[in-house]
Amino acid sequence: MTQMIQMTFHDAVEAALHEEMARDSRVLMFGEGTATKRKGLLKAFGPQRVRNTPLAEGIIAGTAAGAAATGLRPVVDLLFAPFLCFAMDELVNSAGKLRYMSGGQFSFPMVALAMTGGGWSVGAQHNHNLEAWFVHAPGLQVVMPATPADAKGLMKAAIRDENPVLFFMDIGLAFAPGEVPEADEVVPLGKAAIRREGSDVTLISYAKTVHTCLAAAEALAAEGVSAEVVDLRTLKPLDEATILASVRKTGRAVLVHEASRLCGVGAEVAALIAEQAFEALKAPIVRLTGPDAPAPSSYPLEQAFAPQADAIAAAARQLVARTLEAAPIW
Amino acid sequence: MTPSTPVPLPAPNRLDLLAAMLRIRAYEEKIVAFHAAGPFPNVCTSVGQEAAAVGVVSALRAEDQILTNHRSAGHLLARGAEPGRMLAEVMGRSTGYCQGRSGTLHISVKELGVVLTSTIVGGELSLAPGVALSRAMLGGEGIVVCFFGDGAACEGIFHESLNLASVWNLPVLYVCENNQWQAFVHRKETMVGDHVAPWAAPYGIDSLTVDGNDVEAVRKAALHAAAQVRETRRPFLLEAWTYRQRGHMEPHDQSYVDPAELEAWMAKDPIARLEARLLEAGELTTDGLEALHAQARQAIEEAAAFAAASPYPDPADLATGVYA
Ligand SMILES: Cc1ncc(C[n+]2csc(CCOP(=O)(O)OP(=O)(O)O)c2C)c(N)n1
Ligand SMILES: [Mg+2]
């Protein structure tokens with residue numbers, strides 16, 4: 001058994017960066033305040049590989065793309081997800097597209113890190129779960145872990161991957177401690193995790209709301225409803241096999257995320273289930289998501305923005321009850 | 001077709017500079033002819049800007065790298081790109097440099113050091129510091145040349161790029177081809193002042209403006225600028241003052257262009273100027289000149305035949321190669 005140690009999500013990311021920079025001299029990191037805030041990395045790897053940048057997200061991301069195409073493996077910290085709007089061209093048009101557009105002449109092994117989600121009352125210009133935007137963009141991969149262990153293992157995988165990866169850190173989890181393997185353990189991109197096994201309903205989520213789903217599953221268990229919880233971990237490539245296997249087993253799916261509903265990751269997962277596991281469904285697919293609204297700052301509103309355990313349990317209960325009462329409507 | 005040997009450096013004599021410009025002109029004129037003959041993909045030609053391309057690229061070394069934009073045929077050809085593979089790319093054929101996935105607007109040729117071409121105006125400026133960072137960190141003597149237009153200089157990313165290249169001491173030679181036009185808008189309407197070069201000084205970057213229609217002057221300025229970058233490992237900005245002789249793209253439209261301005265610039269055509277100089281100096285006869293023109297046209301005819309005979313990519317490969 002690998003040795004497990006307790007650390008926060010934030011420290012787990014830092015540990016991954018440290019290990020990968022030690023492993024591969026082509027890995028470097030830069031961003032606004034990176035060298036100031038990541039003293040350990042700076043001390044270990046020096047000012048060439050750990051850099052502060054000007055306050056200019058476009059050129060940070062563009063420089064990462066240019067460096068990635070020509071031999072380096074940059075990790076850039078773009079701080080908060082809404083700031084990615086200033087880096088969209090470089091991430092979407094350059095890093096995501098130029099491999100294909102150049103007929104495969106270039107690859108873009110780079111990682112862009114950004115925080116998002118409720119928890120710090122920072123409001124909608126620091127908190128906006130826009131991860132689905134990048135899922136829609138060809139050439140990019142997207143991860144959003146729920147545990148410190150995954151944060152470490154997925155960061156390591158993201159750095160080693162030959163494609164650009166958007167790495168979203170849920171603010172609400174940043175300082176949550178958890179068990180992290182001390183060893184060099186990579187969590188492969190594109191693999192979901194079953195966080196809890198169950199047979200009546202599948203709760204599918206990622207990042208912070210995985211824990212909300214686990215709380216809901218606990219409450220449901222007390223009532224005799226067995227809920228399975230799937231943590232997507234990687235939003236692109238999506239682990240379609242794990243999603244479909246779970247829903248084929250339970251026949252019911254509740255999709256949960258803090259990001260708003262329209263064209264969100266849940267919509268894609270719902271379509272996948274409808275297209276490929278329709279015959280297994282015993283009840284309609286349900287989505288519980290944030291509203292189509294900017295994330296508020298006020299703490300109670302911010303908390304209310306993300307789906308709550310009570311609501312998830314209620315939705316699951318309804319799905320189970322509905323199929324007990326009546327045949328499917330179709 | 002693909003040269004696997006190191007990049008042949010354009011020889012410095014004046015006849016070679018002329019031949020290189022004629023090759024570009026013949027290539028662009030072939031594109032114009034394709035358009036006259038029927039539907040053809042839109043192309044932004046570099047007619048009138050041959051001296052800027054040849055003058056700068058002739059001053060580079062094999063280990064140097066180039067980033068460029070939508071008006072890149074001159075840069076690519078001057079660097080030694082095969083016109084056949086370029087035309088094949090424009091025509092969407094699988095023998096194109098990017099397997100037909102780039103089209104005219106984004107041709108990169110890694111083997112020639114033409115790394116990354118972006119048609120997002122300013123895209124090349126966003127990528128250049130990173131390419132130079134690779135050079136700085138992975139070693140090598142090469143410098144990075146980034147071609148862009150006066151329009152691109154109006155994008156915020158131009159300023160971000162210069163600032164970062166300066167504070168990080170990156171070996172980027174920024175080359176602005178100020179051709180007076182930004183698609184359908186004259187730069188007088190959009191820019192403070194006439195020149196881009198003065199915008200370098202606030203970022204601590206040295207600059208030079210050169211007559212972009214005089215290939216010898218451009219070459220001399222580029223040799224100076226490149227030497228500066230090589231020595232100091234710091235950025236430099238070279239502005240080539242030139243003119244877009246045709247419309248923004250083919251098929252061609254110049255209804256919005258002031259005829260007097262156009263006429264004045266046509267009189268300064270970079271090819272005609274060098275030809276006159278060579279004839280006057282006795283380095284070239286009219287027969288010799290005609291032979292050079294014929295040679296250039298012949299090479300492009302062969303290239304066009306190669307491109308036209310090339311197969312289209314297989315639709316089965318439509319979505320391959322998106323990910324590594
Ligand atoms: C971001 C972006 N905005 C607008 C365009 C449309 N566009 C293509 S070329 C061009 C003009 C560019 O002017 P300049 O940089 O001076 O280059 P030139 O065409 O003169 O060579 C425009 C507006 C684009 N391709 N990308
Ligand atoms: Mg212009």
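Given the structure is predicted, the values throughout are model-derived calculations rather than measurements. Residue numbering restarts at 1 for every chain, and letters A, B, ... go by the order of the sequence lines.
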Against chain B, label [X] side chain, backbone, both or neither, depending on which of its atoms sit under 4.5 Å from a heavy atom there.
{"X": "Gln105(A)", "result": "both"}
{"X": "Phe108(A)", "result": "side chain"}
{"X": "Ala56(A)", "result": "both"}
{"X": "Leu98(A)", "result": "side chain"}
{"X": "Leu28(A)", "result": "side chain"}
{"X": "Ser25(A)", "result": "neither"}

Given heavy-atom pairs under 4.5 angstrom as the criterion, report whether the side chain, backbone, both or neither of [X] touches chain A.
{"X": "Ile107(B)", "result": "neither"}
{"X": "Ile120(B)", "result": "side chain"}
{"X": "Leu116(B)", "result": "both"}
{"X": "Val131(B)", "result": "both"}
{"X": "Glu89(B)", "result": "neither"}
{"X": "Thr320(B)", "result": "backbone"}

Can you tell which of [options] has the highest number of heavy-atom pairs within less than 4.5 Å of chain B?
{"options": "Lys97(A), Arg51(A), Gln141(A)", "value": "Arg51(A)"}
{"options": "Ala95(A), Gly96(A), Gly58(A), Gly62(A)", "value": "Gly62(A)"}
{"options": "Ala61(A), Ser102(A), Gly71(A), Pro74(A)", "value": "Ser102(A)"}
{"options": "Leu140(A), Thr63(A), Asp89(A)", "value": "Thr63(A)"}

Whether the side chain of [X] engages the backbone of [Y] through a donor-acceptor N/O pair (distance < 3.5 Å, no angle test) should be reported.
{"X": "Arg49(A)", "Y": "Val27(A)", "result": "yes"}
{"X": "Thr232(B)", "Y": "Arg234(B)", "result": "yes"}
{"X": "Glu124(B)", "Y": "Leu67(B)", "result": "no"}
{"X": "His128(A)", "Y": "Leu130(A)", "result": "no"}
{"X": "Arg71(B)", "Y": "Thr45(B)", "result": "yes"}
{"X": "Ser166(B)", "Y": "Ile205(B)", "result": "no"}

**Prompt:** Less than 6.0 Å separating the ring centroids of Phe236(B) and Tyr174(B)?
**Reply:** no

**Message:** Tell me whether Arg101(B) forms a cation-pi arrangement with Tyr100(A), defined as NZ or CZ under 6.0 Å from the six-membered ring centre and within 45 degrees of its axis.
**Reply:** yes

Tell me whether the guanidinium CZ or amine NZ of Arg93(B) lies under 6.0 angstrom from the six-membered ring centre of Tyr312(B) and within 45° of its axis. yes

Have His106(B) and Thr117(B) got a donor and an acceptor in their side chains that come within less than 3.5 Å?
no

Ranked by heavy-atom pairs below 4.5 Å to chain A, first place among Pro129(B), Ser126(B), Ala319(B) goes to Ser126(B)

Max heavy-atom pairs within cutoff under 4.5 Å with chain A, candidates Asn163(B), Leu125(B), Leu138(B), Thr119(B), goes to Leu138(B)

Between the CG atom in Asp150(B) and the SG atom in Cys176(B), the distance rounded to the nearest 0.5 Å is 5.5 Å

